[in-house]
Amino acid sequence: MEISTGLHIYDTLTRKNLEILGSDGSQVRIYCCGPTVYRDAHIGNLRTFLLVDLVIRTLRFKNIATLTVQNITDVGHMSEDFEEDKILQEALRTNRDPFAIAREFEEKFHHDLALLNISKSDIYPRASESIDLMHQHMKKLEDLGLIYQGADGNVYFSSEKFPSYGHLSGNKLQDLKPGHRYEFQEDGAKNFHADWALWKPAGARKDMVWDSSWGVGFPGWHIECSAMSLHFLEGHIDLHIGGIDLRFPHHENERAQSNPVIDDGGEAVSAWLHGEHLLFEGRKMSKSAGNVILLKDVIEAGFDPLALRFCFLENRYRSQMDLSWASIKAADKVLRRWRDKYSERQDLDQGPSEFSLQFIEDCHRDFMEDLDTPRALLKLRALEKDLTISDLDKRSIFQGLEPLFGLDFQREVSATVELFSSYELDLIELRKKARAEKDFQESDRLRELLNQAGIEVRDLPTGQEWSRKK
Ligand code: AMP
Ligand code: ZN
């Protein structure tokens with residue numbers, strides 16, 4: 001029996017608010033498209049990654065279990081000019097090993113998530129370690145006659161054989177003009193212009209290639225999400241999350257690859273949640289415009305990273321959001337003021353008053369209504385101003401809501417956030433590798449370098465832990 005959750009999310013496919021269900025009767029299975037790890041995630045990416053956390057917190061607040069998977073794209077995502085894999089391109093540019101680049105930015109991604117209090121997913125499968133899964137998935141599609149190998153060696157999906165192709169994004173197959181730059185540039189070898197490659201021949205490429213029954217090559221981007229989501233979430237995805245730009249072609253293609261292989265012949269994904277994009281000071285963030293902002297920039301400007309989380313919560317995820325330094329500054333100020341007033345922990349033995357419990361419940365209901373976080377924050381602002389409510393009630397409300405908002409309301413105002421430079425993170429990463437390879441001489445040398453940089457490392461059974469020396 002599926003479990004109902006009371007959480008409603010606007011579903012891109014049906015264009016309706018749907019209740020999210022735990023279809024296996026015990027938990028809600030969630031998949032979120034993860035980062036392509038060739039560069040730092042910018043704060044726009046982080047806005048999208050926060051969505052998983054908001055869903056997890058909303059459900060856990062009512063003790064509903066979740067199983068969350070977020071992939072790490074370390075192969076297969078082609079650059080905008082469709083010439084080269086993004087990670088290999090970066091490897092070429094910097095003369096580094098592509099996997100070293102991927103691991104460095106994967107580690108930084110986890111570091112950014114932790115700074116924003118984003119709950120950890122249960123599984124972070126890497127594309128490069130899931131090639132067999134992709135082959136197994138492709139084999140099923142091959143048996144169903146849905147893929148074919150073109151004369152150019154690419155293995156394509158026959159988009160015309162998936163009748164509801166385009167339903168997610170509103171695109172019609174016939175309208176997708178040949179040459180439209182939404183996929184790799186293979187021409188001539190496809191049966192139909194909208195077909196896309198699941199496997200590409202290695203050609204002259206030497207790195208990041210694998211053997212397969214379709215020849216030596218590498219995967220396309222879309223197949224990884226179909227293969228990983230269905231494998232790790234055991235055949236069904238209750239909620240699929242990603243940024244709006246992924247709706248087409250990434251998710252459209254994923255849906256076409258996933259639906260045909262599931263047992264009941266229905267939808268592999270029950271609800272598609274898409275987050276709108278973040279702009280910075282009125283413009284799309286881009287390297288050429290010079291306005292790509294990282295979390296590190298926010299911290300270096302003297303702001304608490306959770307001020308950024310606060311800004312995200314103040315805006316509805318389905319609206320395009322325009323962030324500015326002024327809004328981060330304002331959020332930082334409110335957050336500090338609230339901690340100053342309400343950080344003192346309440347004696348839980350007493351229990352919150354009836355009023356406080358109702359207030360907390362009302363805020364949670366806003367989250368349940370398609371993550372209406374701005375509405376919940378407005379309630380908190382009004383609470384602060386309301387002189388008829390006791391400070392005791394206010395404190396217990398802030399304390400009770402912390403698991404939902406994740407803004408560290410109970411943190412001491414004076415506490416500082418630790419930020420590590422990329423040099424320091426590199427050393428930490430290298431030491432992790434040295435330890436895994438049992439190269440203790442190298443691991444000691446790196447410990448010493450970290451020590452000189454003012455970072456203390458402790459080796460625990462679960463791995464190394466580090467902090468800046470006081
Ligand atoms: P990428 O690492 O480029 O694959 O992107 C990771 C995630 O960030 C995807 O879900 C994108 O849709 C999302 N994304 C990219 N740019 C923005 C932006 N400006 N605002 C919000 N999300 C974004
Ligand atoms: Zn994906």
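Ligands are counted one by one from 1 in listed order, and the atoms in each one are counted from 1 as well. Computation of the quantities below employed the complete heavy-atom set of this structure, encompassing side-chain atoms and omitting hydrogens, waters and symmetry-equivalent molecules. Just so we're clear, the structure is a prediction, and the values are computed from it rather than from any experiment.
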Requested in this report: Kindly confirm whether the Zn ion (ligand 2) is within less than 2.8 Å of some N/O/S atom in H251?
Outcome: no
Query raised in the report: Closer than 4.0 angstrom: is that true for some heavy atom of P35 and an atom of ligand 1?
Result: yes
Query raised in the report: With respect to atom 15 (C) of ligand 1, which of D40, L50, V37, N45 exhibits the smallest heavy-atom separation?
Result: N45
**Report entry** H42 heavy atom under 4.0 Å from ligand 1
**Finding:** yes
Query raised in the report: Which atoms of ligand 1 sit under 4.0 Å from any heavy atom of G243?
Result: 10 (O), 12 (O)
Query raised in the report: Do the numbers put R318 on top of the ring of Y10, so that NZ or CZ is under 6.0 Å from the six-membered ring centre and no more than 45° off the axis?
Result: yes
Query raised in the report: Are side-chain heavy atoms of H42 and N45 found at a separation under 4.5 Å?
Result: yes
Query raised in the report: Does H222 put an N, O or S atom under 2.8 Å from the Zn ion (ligand 2)?
Result: no
Query raised in the report: Among protein heavy atoms, which sits nearest to atom 9 (C) of ligand 1, and what does the distance come to when rounded to 0.1 Å?
Result: L246 CD1, 3.7 Å
**Report entry** Ligand-side contact atoms (ligand 1) for residue partner T48, heavy atom cut-off under 4.0 Å
**Finding:** 10 (O), 13 (C), 21 (C), 22 (N), 23 (C)
Report task. Tell me which one of R39, K86, M285, E276 gets a heavy atom nearest to atom 3 (O) of ligand 1. Result -> R39
Report task. Please work out which of the three classes, parallel, tilted or perpendicular, describes the rings of H240 and Y31, given edges at 30° and 60°. Result -> tilted
Query raised in the report: Does the ring center of H110 lie less than 6.0 Å from the ring center of Y124?
Result: yes
Query raised in the report: Heavy-atom contact under 4.0 Å between Q320 and ligand 1?
Result: no
Query raised in the report: Of all the atoms in ligand 1, which lie at a distance below 4.0 Å from a heavy atom belonging to D245?
Result: 11 (C), 12 (O)
Query raised in the report: Less than 6.0 Å separating the ring centroids of F405 and F398?
Result: no
Query raised in the report: Tell me, which protein residue and heavy-atom name are nearest atom 2 (O) of ligand 1, and how many Å apart are they?
Result: T36 N, 3.1 Å
Query raised in the report: Are T66 and R29 close enough that some pair of their side-chain heavy atoms sits under 4.5 Å apart?
Result: no
Query raised in the report: Are the aromatic rings of W214 and Y156 close, with centres under 6.0 Å apart?
Result: no
Report task. Name the closest protein heavy atom to atom 21 (C) of ligand 1, giving the residue it belongs to and the distance to 0.1 Å. Result -> G44 O, 2.9 Å
Query raised in the report: So which bit of H277 gets within less than 4.0 Å of ligand 1, heavy atoms only: side chain, backbone, both or neither?
Result: both
Requested in this report: From atom 20 (N) of ligand 1, work out which of N71, I43, L278 has a heavy atom at the shortest distance.
Outcome: L278
Query raised in the report: How wide is the angle at the Zn ion (ligand 2) between SG of C33 and NE2 of H250, to the nearest 10°?
Result: 120°
Query raised in the report: With a cut-off of under 6.0 Å to the ring centre and 45° to the axis, is R339 in cation-pi contact with F409?
Result: no
Requested in this report: Side-chain contact test, heavy atoms from C-beta onward, threshold under 4.5 Å: evaluate it for Y317 versus E276 and give yes or no.
Outcome: no
Query raised in the report: Which is it for W196 and F162 under the ring pair (Phe, Tyr, Trp, His ring centres under 6.0 Å) test, yes or no, and what are the steps along the way?
Result: CA-CA 13 Å; W196 63 91; F162 184 68; 8.7 Å; no
